[in-house]
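Here is the structure we will look at, set down as structure tokens.
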Number of protein chains: 2
Amino acid sequence: MEGVQPKSDPNPNPLDAPPPAPVVTRSLQTPLRCIVKLGGAAITNKYELESINEANLSSVCEQLREAMMPQIEKGIGMDWSRRNGNEIELGDISKIGESSVDGLNSNFIVVHGAGSFGHFQASKSGVHKGGLHSPLVQAGFVATRISVTSLNLAIVRALARGGIPAVGMPPFACGWSTRQRDIASADASQIMDSLLAGFVPVLHGDAVLDHALDCTILSGDVIIRHLAEQLTPKYVIFLTDVHGVYDRPPSDPDAVLLKEIVVKEDGSWTVVEPDLLQAEKGVEITVAAHDTTGGMEAKISEAAIIAKLGIDVYITKVGTEHSLRALKGQVHENPDDWLGTIIRSDK
Amino acid sequence: MEGVQPKSDPNPNPLDAPPPAPVVTRSLQTPLRCIVKLGGAAITNKYELESINEANLSSVCEQLREAMMPQIEKGIGMDWSRRNGNEIELGDISKIGESSVDGLNSNFIVVHGAGSFGHFQASKSGVHKGGLHSPLVQAGFVATRISVTSLNLAIVRALARGGIPAVGMPPFACGWSTRQRDIASADASQIMDSLLAGFVPVLHGDAVLDHALDCTILSGDVIIRHLAEQLTPKYVIFLTDVHGVYDRPPSDPDAVLLKEIVVKEDGSWTVVEPDLLQAEKGVEITVAAHDTTGGMEAKISEAAIIAKLGIDVYITKVGTEHSLRALKGQVHENPDDWLGTIIRSDK
């Protein structure tokens, strides 16, 4: 047999040998309008393996189109591929030349979670803990990537059908890597070039190589925080399956929606609306919001880091008038009837 | 409406503003065994839109597995996703821990063509000529990428099902760009890291940003040539739907298979077997091989550049004993009964 086997390398971590590539940064020439996270719970059916929530995904695509090109009623269909083995629906391809996209303000980035895609494959194999020398982890890495890139393709196609010039950019293929699950190397220049060329990059949580663990899962929330730091969007939106952050699990009938959270310079955060200190429930928030509100604690921590940069973060429910207002950047026009959570800096 | 529109930028070429990123190169720690091109004509049904040649693709996956792990009868299934809406076939996932991949010599790179994927979308929109300010070209860029990444996902899944640790790496997502269709920036470090980690990178012809045309199509053959220059594999294989390079269209009953082509230092090439100068057909080869042999002229030109580096190039028919021998690096063991074209340096 020819060639040297990577497996028999005395150094078991393939990333130890070469030094990590430096993070290359470049300024975006036009201000990025928004990074929007499509939460896994919002766009997939959480309890059904590899199942997309088609109604929510359609709504996201339609609302994104409306936010990007409010003056156009229907976008140009950009998915010219077969669906479910059927013929290609070309629609109005012959009329495209006449269309105008002058009104297109497409400088959005979309990042989606995995929901019922990828999680099964990752948890069966423990790929987030690393250990690629194990055949199970290696197989799980491949299987996880297949599942999340399938979802990515489905989302890119849905956006494209709605007239949004979406381009899939899986972080592993982008060459992004982590160290102990936090980003070690993530060149955003291809994302910037794509934005400047008028495309909407669509990223996602992915299996990646890790400089300490040899492989892991890079989460969508960490991607969002990194891109916000690098590209300073005007605002960041998390679309999820509930109205925002609550003081306890939203299924609890006493749960209160936290409408505004302010982040201080030192990273600590306070709920300013409703004023919980004035209410009887004042004590419960610290425990509840940190431990039991369905993954919301991690979301608040990541969101707080973004808000500290002076970037407003909106967390709201997918497929509602509130998500549309957030995407259009109109949360502050009439804040009292907007349902969601605003996380902002105290400055 | 917020944000500055990239479309209204006075500079119509989004890639003009920032200088092109330098090509970053790094040495591969282990010799790369082989780059294999799966020709579009070999793995798709050329005359049926977006249709995979399942028999040929299965054969490629099985032969690649045999070349990588000859001592294992069946690889570990690594595609744990639904197929055609059906349940996930997990197969022997519970037994994976017991399996051994010690014999795995996976340092192959796979590059595939588009065949009946992508070509329709690209030609309808003229995306290879650039002009992203045109809505048709922008839509065609998105549609082409959807089509070719769908094929990439299908090929990665087929390889993974056969036990090959395949990872999809679309060149656009990798941040590769061109200038006048030739590679301008193509960092191969993520490919090297993936190889070192034991994965098989799977690339493909893709729509990319171009520094001169603003966008174009980067062909699989140009990718192969670039990777061969960067990574110096032991050999390069082109799997196609005919036995190799002929002196005229293979459908012509008088067509002669060119078994050995030698490339000189100055890039010119000569057929050394059969000895055409001795035969009556001697004169025809120059014209025929350059103009009418179904895309073979471009293939010989790219192959000649690779051969000049001292890397043998084998062109042979998919799904035959000859393709298996090429993948195993056993062409020279009994050259007389090997059917295909060898292109090599005269040194």
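Throughout, protein chains are lettered first and strands after them, A, B, ... in sequence-line order, and every chain is numbered starting at 1.
Annotation: the span from A:Leu209 atom CG to B:Asp193 atom CG amounts to 6.5 Å, rounded to 0.5 Å. From B:Phe172, atom CZ reaches atom SG of A:Cys174 across 8.5 Å, with rounding to the nearest 0.5 Å. A distance of 8.0 Å separates CZ of A:Arg161 from CD1 of B:Ile146, quoted to the nearest 0.5 Å.
With a 4.5 Å cut-off on non-hydrogen atoms, B:Leu153 touches chain A through its side chain but not through its backbone. Looking at A:Arg145, the atoms closer than 4.5 Å to chain B (heavy atoms on both sides) all sit in the side chain, from C-beta outward.
In terms of non-hydrogen atom pairs under 4.5 Å with chain A, the most contact-rich of B:Gln190, B:Arg157, B:Met169 is B:Gln190. Taking chain B as the reference chain and counting heavy-atom pairs below 4.5 Å, the highest number among A:Ala207, A:Pro170, A:Ser51, A:Ser194 is found for A:Ser194.
Not a single donor-acceptor pair under 3.5 Å links the side chain of A:Glu50 to the backbone N or O of B:Ser81. Formation of a donor-acceptor pair under 3.5 Å by the A:Gln138 side chain with backbone atoms of B:Gly198 is found in this model. In this structure a side-chain-to-backbone donor-acceptor pair under 3.5 Å is present from A:Arg82 to B:Leu49.
For B:Phe117, the ring pair (Phe, Tyr, Trp, His ring centres under 6.0 Å) test picks out no residue, with sequence neighbours left out. Residues that satisfy the side chain to side chain donor-acceptor pair (under 3.5 Å) test with B:Ser125, not counting sequence neighbours, are absent from this structure.
Nearest approach of A:Trp80 to B:Phe120, heavy atoms of both residues: O-CE2, 4.3 Å. Summarising the geometry of B:Ala173 relative to A:Gly168, their closest heavy-atom pair is CB-O, 4.1 Å, with the distance given to 0.1 Å. Nearest approach of B:Ala166 to A:Val142, heavy atoms of both residues: O-CG1, 3.6 Å.
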